[in-house]
K.L.:
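First, the structure itself, so that you have it in front of you.
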Amino acid sequence: MTNADVARVFDEIADILEIKGADGFRVNSYRRVARQIDDLASDINEVAARGELAKLPGVGKSSAEKINELLETGELKMRGELLAEVPESLLELLKVPGLGPKKVALLWRERSINSLGDLKQAIEGGKLADLKGFGKKSIEQMSHGIAFLESSAGRRRLGTAWAVGTRLRELVEAMPGVRRVEHAGSLRRGCETVGDLDLLCVADDAEGTIKAFTELEDVTQVLAAGGTKGSILYQYRPRRSMQVDLRIVSEESFGAAWQYFTGSKEHNVRLRELAVKRGWSLNEYGLTEGELVIASRTEEEIYAALDLPCPPPEFREDRFEFDLKEIPTDLITREHIRGDLHMHTVASDGVNTIEEMARAAKKLGYEYICVTDHSASSAIANGLSADRLSKQIEEIHAINKRLKGVTVWAGSEVDILAGGKLDFPDELLAELDFAIASIHYGMGSDIKENTQRTLEAMQSPYINVIGHPTGRLLTRRDAMPLDIEAVAKEAARTGTALEMNSSHHRLDLKDQHARLARDCGAMICINTDAHATDQFEEIRFGIVTARRGGLLKGDVVNTQTAAQIRKFVERKRSG
DNA sequence: GCCGTTTTCGGCCCGACTGTTTTCAGTCG
């Protein structure tokens, strides 16, 4: 069982307990365990094997026993018992906006509604009319909720959310009397996927702004419209919409509101606990002691009052930020990046020429790029044969002679074949300035095989980076099973970097894995894997993910100068 | 169910919006 599998079971138990009306704090403790395991960088099986489950925060004796039982038998007695009482299909009802555990329980007990299908039928058949708490409007909202769930379930990738969020922010900024608009929520924290967008706004006319917001073009539904909060479904392209929340706050309490609505929920819970311990209270209006406002105008003031450094939004997940005495000053930023070392051109499956890529990079102020088209085995991507690669190397040398201001390196994204063998012979790889090795096929193997294959590729003196190490495609394909710790340790030993692939489809390594890799001594290379010049911009997503993992300038290969990177390559080649 | 510089019991974070239950519970973030 993977971490995600175990986490899912604990979340499911929490859902069922909630429907059963169990104590909320007990429910929460199951949720906390689920999140803890989901966030864990290391394999839960290994933590269990070391007998260290109960050392995880929020995991006590009882949860540790349940995790062990799950890992050993693949099942959980308690889960079976609960599902004997509460049908599993009931859980999908919780996903309907506006339906919580209490109402789901009522639907089930009073009307024998067990599933989404049952609910749809009941609504159409008018069977809910006389059910307590289900008025005409509630039922209407539920219908919309089901339609929304069916048409656009799930979270959006960071890149999509960023584009939609930027558009919405501009629209609100243009409204009369609006003085400030900021992103909050998971978009501001740079999460790899975003559920809904949160905008925070200072405006002269709160109600007028909410009204204008709910009347924007492409609003398909107004979920809420009060004096300080508006909530809409915004259609950003046909059949695709996102929920967007707008809150109007005062200048005086902007910091408190920004902190509050940026979250995460878990981070805020911890912060409020710290406030309560001092006899204070923290909400979206400020940090207060009775009537006295201690801090509210800026986030910095609030954290400072609690004797904490103000963590960058990317840190606020209640993972490590509360242990920090100070925030590192050399946390990775886009300004640190001197070049991009993974990109494709028309030679394989890209859309721009080498020269076009080079000129675009120069415009961004990059000192160097490395052209890394696919190798022959990636036939579907028009991978280069040995012969074509040789010619491309010559072409690059010629381009470097006439193009000033940016250095183009000859590279390759070499396929790692079954067993860890590389797609090009050493003699050819030796001609390259820099090389990435990636797995593109056969990711269905088990953790041992995948790991071994990756370790083997790193043994080559000519491989400088392992590209998109886990092969995941966000919202489409799970990461392949891989022993990140073993890979990172070997990367550190061999002088091979691990990639932080910035494509918003990948973000691979993910934040926690990048942190683990760094802690194991591995270098990280933040690349875009651009297939077109405009995709260089996606570096922002890799940077934000690296920041979430706490990576510093010194942890990242391509913050170095061209000369330093040549040394990095030479060191590995000379053993 | 978890947890402890108020430690083995008794707490456990806070407010807006909605619909409908005429005074508030449920949901959401």
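A, B, ... follow the sequence lines: proteins, then strands. Residue 1 opens every chain.
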K.L.:
Do any N or O atoms from the side chain of A:Ser250 and from the backbone of A:Ser253 form a donor-acceptor pair under 3.5 angstrom?
P.N.:
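Pair found, side chain donor or acceptor close to backbone of A:Ser253.
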
K.L.:
How many whole angstroms separate atom NE2 of A:His267 from atom P of B:dC14?
P.N.:
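About 15 Å, once rounded to whole Å.
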
K.L.:
What nucleotide, of B:dG19, B:dT18, B:dG1, holds the atom closest to the side chain of A:Ser63?
P.N.:
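Given the options B:dG19, B:dT18, B:dG1, the side chain of A:Ser63 is closest to B:dG1.
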
K.L.:
Looking at CD of A:Glu485 and NE2 of A:His513, how far apart are the two atoms once the value is rounded to the nearest 0.5 Å?
P.N.:
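Those atoms lie 10.0 Å apart.
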
K.L.:
Is any side-chain N or O of A:Gln141 closer than 4.0 Å to OP1 or OP2 of B:dT18?
P.N.:
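Looking at the OP1 and OP2 atoms of B:dT18, neither is under 4.0 Å from any side-chain N or O of A:Gln141.
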
K.L.:
Tell me, for nucleotides 4-10 of chain B in 5' to 3' order, what letter each nucleotide earns: B for a base near a protein heavy atom under 4.0 Å, S for only sugar-phosphate near one, - for neither?
P.N.:
-------

K.L.:
What string of B, S and - do you get for nucleotides 21-29 of chain B 5' to 3' if you count protein non-hydrogen atoms under 4.0 Å?
P.N.:
B----SSSB

K.L.:
Which residue, A:Lys61 or A:Leu282, contacts DNA chain B at a nucleotide closer to its 5' end, judged by nearest heavy atom?
P.N.:
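Taking each residue's closest nucleotide, the earlier one in sequence belongs to A:Lys61.
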
K.L.:
Answer yes or no: is there a donor N or O on one side and an acceptor on the other, between the side chain of A:Asp555 and the main chain of A:Leu552, under 3.5 Å?
P.N.:
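Checked: pair present.
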
K.L.:
Has A:Glu217 got more than 12 heavy atoms of other residues, nucleotides or ligands less than 6.0 Å from its CD?
P.N.:
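No, CD of A:Glu217 has 12 or fewer neighbouring heavy atoms, counting only those of other groups under 6.0 Å.
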
K.L.:
Starting from P on B:dG15, measure out to OH on A:Tyr285 and report it in whole angstrom.
P.N.:
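The distance from OH of A:Tyr285 to P of B:dG15 comes to 9 Å, rounded to the nearest Å.
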
K.L.:
Starting at CG of A:Asp318 and ending at C1' of B:dC12, how long is that distance when rounded to a whole Å?
P.N.:
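A:Asp318 atom CG is separated from B:dC12 atom C1' by 15 Å.
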
K.L.:
How is A:Thr228 classified with respect to the nucleic acid when contacts are heavy atoms under 4.0 Å: base, sugar-phosphate, or nothing?
P.N.:
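A:Thr228: backbone/sugar contact only, no base atoms under 4.0 Å.
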
K.L.:
A:Ser62 side chain N/O closer than 4.0 Å to the phosphate oxygens (OP1, OP2) of B:dG1?
P.N.:
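Checking A:Ser62 against B:dG1: at least one side-chain N or O falls below 4.0 Å of OP1 or OP2.
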
K.L.:
If I take atom CD1 in residue A:Ile210 and atom P in nucleotide B:dC17, what distance separates them, rounded to the nearest angstrom?
P.N.:
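Answer to the nearest Å: 8 Å.
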
K.L.:
Can A:Lys211 and A:Glu207 be counted as an ion pair, charged N to O under 4.0 angstrom?
P.N.:
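Here A:Lys211 does not pair with A:Glu207 in a salt bridge, since their nearest N and O are not under 4.0 Å apart.
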
K.L.:
For B:dT23 and B:dC28, measure between their P atoms and round to the nearest Å.
P.N.:
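It comes out at 25 Å once rounded to the nearest Å.
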
K.L.:
Could you state the CG-C1' distance from A:Leu53 to B:dC2, rounded to the nearest angstrom?
P.N.:
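One finds 15 Å between C1' of B:dC2 and CG of A:Leu53, rounded.
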
K.L.:
Looking only at atom P, what distance separates B:dC9 and B:dC14, rounded to whole Å?
P.N.:
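My reading of the P atoms in B:dC9 and B:dC14 gives 26 Å.
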
K.L.:
Taking only heavy atoms on the protein side, list every residue of residues 15-46 of chain A lying under 4.0 Å from any atom of DNA chain B, sorted numerically.
P.N.:
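Output list: A:Asp23, A:Phe25, A:Arg26, A:Ser29, A:Tyr30.
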
K.L.:
Taking the cut-offs as 6.0 angstrom to the six-membered ring centre and 45 degrees off its axis, would you call A:Arg167 and A:Tyr234 a cation-pi pair?
P.N.:
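No, A:Arg167 and A:Tyr234 do not form such a contact.
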
K.L.:
Compute the centroid of each ring, for A:His267 and then for A:Phe315, and state whether the two points are separated by less than 6.0 Å.
P.N.:
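Centroid separation for A:His267 and A:Phe315: 6.0 Å or greater.
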
K.L.:
Looking for any heavy atom pair under 4.0 Å, which part of the strands does A:Ala225 touch: base, sugar-phosphate only, or nothing?
P.N.:
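Since only primed, P, OP1 and OP2 atoms lie under 4.0 Å of A:Ala225, the category is sugar-phosphate.
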
K.L.:
Return the pairing partner of B:dC2 with a 3.5 Å limit on both distances, Watson-Crick or G-U wobble; otherwise return none.
P.N.:
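Base partner found: B:dG11.
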
K.L.:
If you count heavy atoms of other groups shown closer than 6.0 angstrom to CG of A:Asp204, is the number above 12?
P.N.:
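Count over threshold, so yes.
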
K.L.:
B:dC3 P sits how many Å from A:Arg270 CZ, rounded?
P.N.:
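Rounded to the whole Å, the gap is 12 Å.
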
K.L.:
Would a 4.5 Å heavy-atom cut-off, applied to side chains only, mark A:Leu507 and A:Leu474 as touching?
P.N.:
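Yes. Closest side-chain heavy atoms under 4.5 Å.
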
K.L.:
Taking only side-chain N and O atoms of A:Ser281, does any of them lie within less than 4.0 angstrom of OP1 or OP2 on B:dC14?
P.N.:
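Yes, such a contact exists.
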
K.L.:
In whole Å, measure the gap between the C1' atoms of B:dA16 and B:dG10 for me.
P.N.:
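Approximately 30 Å lies between the C1' atom of B:dA16 and that of B:dG10.
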
K.L.:
Taking the nucleotide of DNA chain B with the nearest heavy atom to each, does A:Asn283 or A:Lys136 sit closer to the 5' end?
P.N.:
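Upstream on the strand: A:Asn283.
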
K.L.:
How many Å lie between CG on A:Leu128 and P on B:dG19, as a whole number?
P.N.:
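After rounding, the reported distance stands at 16 Å.
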
K.L.:
Under the 3.5 angstrom rule, does the side chain of A:Arg515 hit a backbone N or O of A:Gly549 as a donor-acceptor pair?
P.N.:
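Checking the backbone N and O of A:Gly549 against the side chain of A:Arg515, a donor-acceptor pair under 3.5 Å is found.
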
K.L.:
Distance between the C1' atoms of B:dT6 and B:dG11, in whole angstroms?
P.N.:
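That atom pair is separated by 12 Å.
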
K.L.:
For A:Phe134, does the six-membered ring have the charged nitrogen or CZ of A:Lys103 within the cation-pi criterion, i.e. under 6.0 angstrom from the centroid and within 45° of the normal?
P.N.:
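Yes, a cation-pi geometry holds between A:Lys103 and A:Phe134.
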
K.L.:
Between B:dC2 and B:dT8, how many Å separate the two C1' atoms, rounded to a whole number?
P.N.:
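Here B:dC2 and B:dT8 have their C1' atoms 12 Å from each other.
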
K.L.:
When the C1' atoms of B:dC12 and B:dT7 are compared, how many Å lie between them, rounded to an integer?
P.N.:
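That atom pair is separated by 15 Å.
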
K.L.:
Please report, rounded to the nearest Å, how far the C1' atom of B:dG1 is from the NZ atom of A:Lys66.
P.N.:
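Nearest whole value for this atom pair: 8 Å.
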
K.L.:
Kindly check if the number of other-residue, nucleotide or ligand heavy atoms within 6.0 Å of CD (A:Glu85) is above 12?
P.N.:
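Result for CD/A:Glu85: enclosed.
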
K.L.:
Tell me whether A:Glu75 at atom CD has more than 12 heavy atoms from other residues, nucleotides or ligands lying less than 6.0 Å away.
P.N.:
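At most 12 heavy atoms, drawn from other residues, nucleotides or ligands, come within 6.0 Å of this atom.
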
